[in-house]
Structures are given as structure tokens and as C-alpha cells.
Amino acid sequence: MARLDLGGVVFALLALLTLGSAAVVALARDVVHSVVALLGTLVGVAGLYLLLAADFLAAVEVMVYAGGTLVLFLFAAMLTARTDRAASSSVPPSRRLARYATLLLVAGFSAVAIDTVWPTPEVSSVPSTAKLGHALLGAYLLPFELASMVLFATMIGAFTVVRRAMDARSDTPGGARE
Amino acid sequence: MRPAVRVLRLVVLALAVLTALAGCQRDVGPQLIDVLDIAPREVERGDRVELLGAQFPQGKKAHLTFRGALNRAGEKPATAEIAAEGMASTSTQIELDFTEGLEGLFCGAAERSIHTTFTGDVEVAFPAAMTGAPPVVATLHGVTLDVRPPTPRRALLDERAKEGNNALAFFGIHASKTPPASGGILVDAIDPGSRAEKAGVQAGDLLVEIDRVRIDSLADVIPSGAAPVAKLTLRRGSSPTETKHDLDVAGFRATPPADLYGAALLLLLAAAVILLFMAPTAGALTWVERRIAARMQSRSPAGGLKSFTREEAIPATIDKPLYRLAPYLVFGGVSATFVVMPFGQYLIAADLDVGILYVLAVSSLVTIGLVSGGWAANDRYSLLGGIRSAAQIVSYEVPGAIAVACIVMMTGSLRLQEIIHAQGGWPWEWYLFKNPVTFALFFLYFTTALAGGNRAPFDLPEAEAEPAAAPTPPATGGRALLFFLAEWANVFVMGGLAAALFLGGWQVPGLSAGAQEAHVGLQALGALVFLLKAWALVFAVLWVRWALPRLRVDQRMMLCWKWLVPLAFAAFALCAGWVAWSPGRTAQLVIGVGMFAIACVGSARFAQRVLFYVRGGHTNADMRLNPFL
């Protein structure tokens, strides 16, 4: 029973961290605060992965999302936000519409959550990295390569778009170098 | 647009090839042979395992595949598919040498190999004589194979025996002090009302098997935890028949694995210990740096204590919540890496399976701390400084991570202890001198670590010449101390990781890992060796700081993206080639010793030049100081 209790407490704390940070993300007036609060959500979710014995996934979650995506968000937020901090991150076009949509969404999710029989899989604490590696480079090699191809194509696409903007700018006098 | 179209065409072509490759299937031939039995059922390293059957092609090689579950005491069964190569010595018998490598596949890597019971099927396949024809295949079902590694680690064995004792106490079983010669555990007495009594165990019973693991010692009686009921097999009195009993083990908890669940708890515990270790490290480092700087610039050192005594002053214009949070993010990110820092064989807080990946993950907290610190200062120069330094960290992470990936690829594990084990004590056994590519990778990794830690010549936050100065200018008092501790601890982390990845970690030259762990003194010596290597690298960091000019921000980005990233990719491809080639032991030794010799000659020449310039170039007596401290 001790294990269950400890797991329950840890789960509750992680859920609190995840949802609390998510609430800050949604409600903070300063967009930079929102982005930093997102870190809490990501770390919380990584903790939940850890609780489900997915250690590799947890580490990758923190590395990719906190280390890469979030830093990019921060860049974008800081470079676009005004320094007087008056800008709010969330300006709903119609409050009433938003309210109804949210209620609908909450009702829908609740119904699904109540109806679903949640499976409680046997969590084995055996490290998962080696198995994942074998799976990715064995049975799932094709989807894996496909995903990397898609990412590669995206990168080229982004480069093309930026390149075109840069070309257009360098035509005007006083534009960017190169 | 045209190049994009060309690349798209290439992508489509590559996809088509991949699909074609995936479409290939292996045909299976008709049932031409029979497999009836495997003997012996209990195997040790060096044994010869025999598969008995009929109509084997004599003198032919047989591909054996063990498919099934690996059962180990206290672990959930792991599914496995193990391939081996046997030889049909007669038409009724296939011989298989149970080698060390095969044992490793069954019992786990040498470090943590334990007694394992395999249950499942064995498939025998003879490749067809004609090329392209399907192989001849037969399968033996329901095989139980008990594999026992010869020298399990003493500490591991003791630990498991302790857990076994706990398990027996939990069941309510008192074991006989004298173990029976036939193996198993003799029950002396049963606690009334205990789980064992409910399961029908009696005094005098011999425990033979639990959760499919043959019981040989106390270390084997730990239930797997896969189900709330353990399957217990026992023999009563002198009767040869074995009976199965269901033992209620719900609620029994083996000590949490250091890998996952416990890691979170250990992390908190370690944080306290780390603080104790980190503070003196950082303190000593700042003193050392001042000494070295003074030596290199031929002046007397300034005091270092003044930074500790500053009062905390919070400017009114700052972004309070972020200002408060940022130092903790930076400090937390750096100190968390100490959790997997392998100071010695056992001097590691948690040897995580995702070890080096974990380091890369928690380091990302530092980036976010730096950027939000710059933002919190609420002045555009600090913000610019923060963004620049974050851009630098994020950029240099790419070649750095690829350099680490190369080492991981050559080791086959993310675990730091296994990366150290893959090297040796002597310099020519280190990854640094394994081949020219890893030699270059070490310097690439070191460069990216310098940049990642905002160290010179990449130290933008300290660049007086830049209008954008430190990302954390208003941090004072305790907060400044946190940033400051983090910065210095980061230098040590950098040195320690490089020592583990490239310089053989804690291994003492001339001693095997086994010999080293046998004696506490030798283990301490190992920790000393590790610290020595790490501190030598820390010295190199300080040396670089006072010897090289600082790079401008665009030069840094150019260096990273136009040079280091392509070089890292090239090194990755070359390393993959190296792994595929995998030179023999002698070839590796020759390459290692050769590389080491070249490096020795190179550094001797370098020292000679430096001495020449220091002695001959100047008449000033102060310049005769030894630059090497």
C-alpha cells in the first residue's frame, strides 16, 4: 500500500504543478510570464512520464520542449512584446462566444473522461531506452525515417521562406547584408 | 525555388527506396528437422549446451533464436529475443558454446548481471545451401534455461540478499541458517497467520522457484512485483514432486529502483549533499581563477571574498516574479547535473539509464533562467544580453549534443558509468585517443561546452566591450551568489563530464574495474583520479579565458553554424563507420598508443615553444613566472 500512497501523492503534486502552470499560461497578462510558466507544465508532464516509467520520454520531453521549443517561444515573445508590458496575451474577440465554447469543451471532455474505462497498465520499472531504440530502428524504421524526412522538408521550407524575405529586403537600399 | 524542388524529388526517391526495403520479407521453409530437447537446463559461462533432435545437417552452422521471457528476482519479466550460433556436430545434436557475450545477453551487462531464468521457445534455423532459398526451421517450445553469471558483484549480491531477507520476513518465513546442498531455501518455521501460512507453506518445505526464477540463494526470493500473487513452487519433505502455491505478495515493495522512481527522491536528497559539495568548489574556483589570472597577467591577485558580503538591493523597475525565479532556474539546472556525475564506482547519486540525456535535459533550465533573468532586469541592454547568450547556448548545444551522441553510439549506452566502463585506465584506452575522429570530437565538445557555459572566449555576459552586458545585472546579495555558484559549478560540471566521456573517468591505470571495486582505498583513488582529470580541464578553461581574445557575437554564430555543426555531422558519420568497422583488439591498441604518442610529442613541442617565448622574449623579470602555475 505504501507504494500506492507515495505514487498517489507524487501524482497529485505533479498534476497540481502541470495544471497550475497551465492556468498561469492561460491567465497571465504578460506573455513572457505565460511562456516561463509553460516550463512548469512541461516539467510536470515529464514528471508524469517518469511516474509511468517512461524515463527516456521524460528526458526527451524536457530537452526538446524546454530546451528548444520554449526558448524559441521566449525569443519570439521578447522580441515582439513591447517593453512597457502593457500588452496582454489573451484578448478574446467575443466573451460570450468564448464562454459557451469553453463550457461545451469542458462538458465534452468530462463526458469522455467519465465514460472511458481507464486501463491501469502494469508499469515495469525496466529502463525503456534500449527497447525504444530497437523498436525505432527495427519494426518502426519506416515511420521513423518518414518523420525525419518530414522534419527535413519543413526545415528546407522554412529556409526557402526566410530566404525569399531576405532577397526581397536586400533589393531595397539599406536592407540586410548578403 | 528550383533547389527546393530538387530536394523534394530526392526525398520522394528516398521514401520509395525505404518502402521497397521494408516490403522485403523472409520466407520460411518447410519442417524438415525436429528439435526435441535442450540440455543442460542450468548453464554457466563456458558450458556447452546441446540441442537434441533429428535430421540435422551434420557439420552445418545453425542459427539459434531464444524467444521468450527473462525472469530475474525482483524484476518484471522482460521479453527477449537472443540470437546465437551453434554447430550440428552429429545429425541428432547441435552444440552451442555458452560464451561470455551470450551470457551478457541473458543476464545483462557485466556491471549488473544477475541470475536469470529464461522461459520460452528456441528456434533452430539452418540456412539453405542454395542462395535465396528459405532456411530450414524448427522450434522447441516451453524451454526453461537457468543462467548464472559466475561473479556477480559482491555489493549487488549483498544488496539483493538483504532484499530477499526482507521478502521472507514479509511472507512470514524463517529460513534455515544452513542452506541445503541441493539449492533452494529450507523453511525452518512459519509465522502464524502470515501470508506464507495462508499460501499453504509448512515448516520443512524447500522453496524451489518463485515467479519462474529458480531459487538458489536468498538473493533469488524477491517476488517480481508483476502481479499481486506470486507463483511459489516448493518440495515437501523427501518427495520428489514439486507443488505450486499462490503466495499473496500485494504490498511488498522492493527498494525503489535507482533508475526511475527513486531518482526523483534521490534528486532531492542529492541536492542537499550537492550544496555542500558545490559551495566549496565554487569558492575554491574563484580563488584559483584570480591566482591564475594574476599569474598570467603578471600582477598580484585581488581578494575574492568581497562578492559574498554585498547587500541585496532590488531595483524598483524590475519584473519581480521572474527576477526571483531566474536564479533558481539557473542554479537548479546546474546542480541537478551533479546527480549523475560519476565521481567513482559507487560515488554517484543516481546512475540513470538515460544519464547523459538527463544532463542535456536539465541544462536547458539554465538557458531559460538566463533569458528570463535578462528580461526581468527590464532594460533593453540586459534583455539583449540575455537573448544573445541564450542564442549562443541553444546554437552550441547542437554540435555538443552530436559529439555526445558519437560517444553514446560507440558505447551503446546513455549510462555514464557504462561510458566510463567502455574505456580503460590507460590514456590510450580513453575515447580521446580511440581514433582521430574522437580526438577531434573532444576539442569540439570542449569548445561547445565553453560556449554553453558562457565561458571565454564566448563570455558575452562579461564582455566589457559590448554594450549589452550581463543578463543579470541587478542581481545582488544572495541572488547574485546563486548565479555565481551556478556559474562556477557549471565549469566543474563541464570538466567532469568531459573527463567521464573522453578521459576514462575514475579508472585507475593498470587496474581492472573489478580489482578497483574490491578495495575501498582503490575506490577512493579512483575518485581522486576523476577529480584530478576534471580539475585539469577546469584549469584549461581558466587558461583559455586569460590567454585567448574574446570573439564577437556574429563570429561566434558563424563558428558554430558554419564550422562546428557540419564538422560534427561529418564526425558522426565517421564514428558510425568506425563502429561498423569495429577494429580488432590489437589494431585498436596500436591506434590508441600511436595517437597517444603523437599527442605527447605535440604537447611537448607546445610546452617547449611556450617556455621559449616566456624565457627569451622578454627581459622583464616578472615575465619569467611559470604560466602553468
Side-chain angles (χ1 to χ4, degrees), chain A residues 1-4 6-7 10 28 30 32-33 35-36 39 43 46-47 50-51 53-56 58-68 70-72 74-75 77-79 81 83 85 122-131 133-134 141-142 145-146 149-150 152-153 156-157 159-160 164, chain B residues 1 3-4 7-8 11 14-15 18-19 21-22 75-78 225-227 250-251 253 256-257 259-261 263-265 319 321-322 325-326 329 352-354 357-358 360-365 367-368 371-372 374-376 378-380 383 386-387 390-391 393-394 397 401 412-415:
Chain A
M1 288 324 274
R3 177 172 204 143
L4 262 179
L6 186 61
V10 174
D30 189 332
V32 175
H33 287 187
V35 176
V36 174
L39 178 67
V43 171
L50 208 61
L51 211 58
D55 51 350
F56 183 79
V60 168
E61 155 101 6
V62 174
M63 193 169 78
V64 171
Y65 284 102
L70 202 60
V71 174
L72 284 183
L74 268 179
F75 275 132
M78 287 180 178
L79 292 176
T83 21
R85 314 279 162 88
E122 282 299 328
V123 174
S124 93
S125 57
V126 181
S128 56
T129 314
K131 275 188 232 156
H134 283 294
L141 181 63
L142 192 64
E145 291 295 331
L146 203 76
M149 287 283 181
V150 168
F152 189 52
I156 293 168
F159 179 73
T160 314
R164 202 187 295 152
Chain B
M1 285 313 286
V7 170
L8 202 71
V11 169
L15 280 181
L18 278 173
T19 322
L21 281 177
E75 286 180 22
K76 282 169 195 162
R253 178 171 163 222
D259 266 333
L260 293 170
Y261 201 47
L265 292 172
D319 185 335
L322 280 189
L325 183 70
L329 283 180
L352 298 183
D353 187 60
V354 290
L357 200 64
Y358 165 86
L360 295 178
V362 293
S363 311
S364 54
L365 293 181
T367 321
I368 292 170
V371 185
S372 50
W375 172 260
N378 196 14
D379 92 61
R380 62 195 62 186
L383 173 59
I387 285 185
I393 295 176
V394 171
E397 234 171 39
S413 173
L414 295 163
R415 214 184 269 275

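Note on naming: letters A, B, ... go to the chains in the order of the sequence lines (proteins, then strands), and numbering restarts at 1 for each one.
Checked against side-chain contact (heavy atoms from CB on, under 4.5 Å), B:A391 has the following partners two or more places apart in sequence or in another chain: A:F75, B:M557. Residues meeting the side-chain contact (heavy atoms from CB on, under 4.5 Å) test with A:F56, sequence neighbours left out: A:V60, A:S128, A:T129, A:L132, B:V354, B:L357, B:L414.
Ranking B:S413, B:S364, B:S372 against chain A, the residue ahead of the rest is B:S364, based on heavy-atom pairs under 4.5 Å. Residue with the most contacts toward chain B among A:L74, A:L72, A:V64: A:L74 (heavy-atom pairs, distance under 4.5 Å). Ranking B:V394, B:I368, B:L329 against chain A, the residue ahead of the rest is B:I368, based on heavy-atom pairs under 4.5 Å.
Taking all atoms of both residues into account, the shortest heavy-atom contact from A:V62 to A:A46 is CG2-CB, 3.5 Å.
Atom CG in A:L70 sits 10.0 Å away from atom OG1 in B:T367 (nearest 0.5 Å).
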